[in-house]
Amino acid sequence: FNIGYVSGHKAFFHPDNREQESWSLPERSLVDSLVSGRSMKGAGLFTSQLGPDRLGKLFLPVTTRLTKGERAYIQHGEAQGVDSRYKCRVRSPWYIVPGVRVSDLILSVFAERPILMRNDLEIVTTNSLLAGLMKSGYSADAFVTAWYSSLTLLGCEMQVHSLGGGVLVLIPGEVGKIRIPLPIKTSRTYLRQLNSALLDGNLRLAYELGDEYVLRGILGLSSSEIDMIREVASYLARWRQVTRNL
């Protein structure tokens with residue numbers, strides 16, 4: 001997992017529909033992007049289910065053939081001083097956002113129960129989210145399957161730090177320490193069940209489904225062992241939340 005791209009100026013680099021039309025920005029310079037973790041709530045397991053209202057557009061022009069509208073929009077940014085912002089002024093040209101790549105997975109950053117999506121739409125994402133790339137030989141569907149269980153929630157409580165308010169903040173180095181049981185078998189039926197729970201915004205059910213399918217069905221854990229994992233994860237979550245009020 002890594003952070004998504006850093007634009008340097010969220011408003012300029014993510015023009016809304018009105019601005020796109022006003023400046024006649026061509027479709028080829030507008031890349032579908034997931035800008036905020038809020039857009040993941042109730043969106044399901046797959047990014048292909050994200051409607052246009054949940055996606056933004058990253059302005060990423062082709063420098064060798066800028067259109068009149070693109071040149072005008074870039075000049076508009078310079079008039080606003082966007083080019084002098086720190087992240088922009090160290091780039092050449094300043095209006096090309098670096099580090100833009102399509103990931104296999106997208107993970108929310110601020111959450112009691114993190115949302116993980118399979119990036120089948122092949123969109124890009126900002127640094128408000130984490131972008132996961134699968135190593136060769138491993139399946140993204142299998143990773144998604146393995147992620148949703150109480151074992152992951154326990155790993156989050158053990159490895160991921162929280163802010164002063166007690167909210168978990170997922171960062172690449174800490175997420176990388178969470179143990180995921182791979183390789184693992186998955187099924188279309190199970191992914192549909194998981195997708196349904198996430199579409200309903202029921203994260204608790206999504207992770208409980210994994211307890212049955214992954215922990216019990218694949219790893220062969222007993223009910224008492226699963227209960228123990230849930231109990232310890234819940235205890236650590238309560239301890240983290242109590243410290244918020246101290």
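Only a predicted model underlies this, so the values are computations on that prediction, with no experimental measurement involved.
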Distance-only donor-acceptor check, side chains [X] and [Y], under 3.5 Å:
X	Y	answer
S222	E225	yes
S187	T189	no
S234	R238	yes

Separation of T152 OG1 from I229 CD1 (nearest 0.5 Å):
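Here the interatomic distance stands at 10.0 Å.
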
Using ring-ring contact (aromatic ring centres under 6.0 Å, His included) as the criterion, point out the one residue from Y190, Y207, Y148 that pairs with Y213.
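The ring-ring contact (aromatic ring centres under 6.0 Å, His included) with Y213 is passed solely by Y190 among Y190, Y207, Y148.
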
Looking at R230, R216, R204, which one forms a salt bridge (charged side-chain N to carboxylate O under 4.0 Å, His left out) with D211?
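Of the listed residues R230, R216, R204, the salt bridge (charged side-chain N to carboxylate O under 4.0 Å, His left out) partner of D211 is R230.
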
For this output row, return yes or no: ring centroids of W94 and F12 closer than 6.0 angstrom.
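Under 6.0 Å, so yes.
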
N/O donor-acceptor pair under 3.5 Å between [X] side chain and [Y] backbone:
X	Y	result
N195	L45	yes
R54	K41	yes
S103	L105	yes

Can you list the residues that meet the ring-ring contact (aromatic ring centres under 6.0 Å, His included) rule with W23, with sequence neighbours excluded?
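Y73, H76.
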
Which residue pairs pass the salt bridge (charged side-chain N to carboxylate O under 4.0 Å, His left out) test with at least one member in residues 134-148, sequence neighbours excluded?
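Pairs touching residues 134-148 that pass the test: R118-D141.
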
Can you pull the side chain to side chain donor-acceptor pair (under 3.5 Å) pairs that have at least one residue in residues 165-185, sequence neighbours excluded?
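Listed once each, the pairs are H161-E174.
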
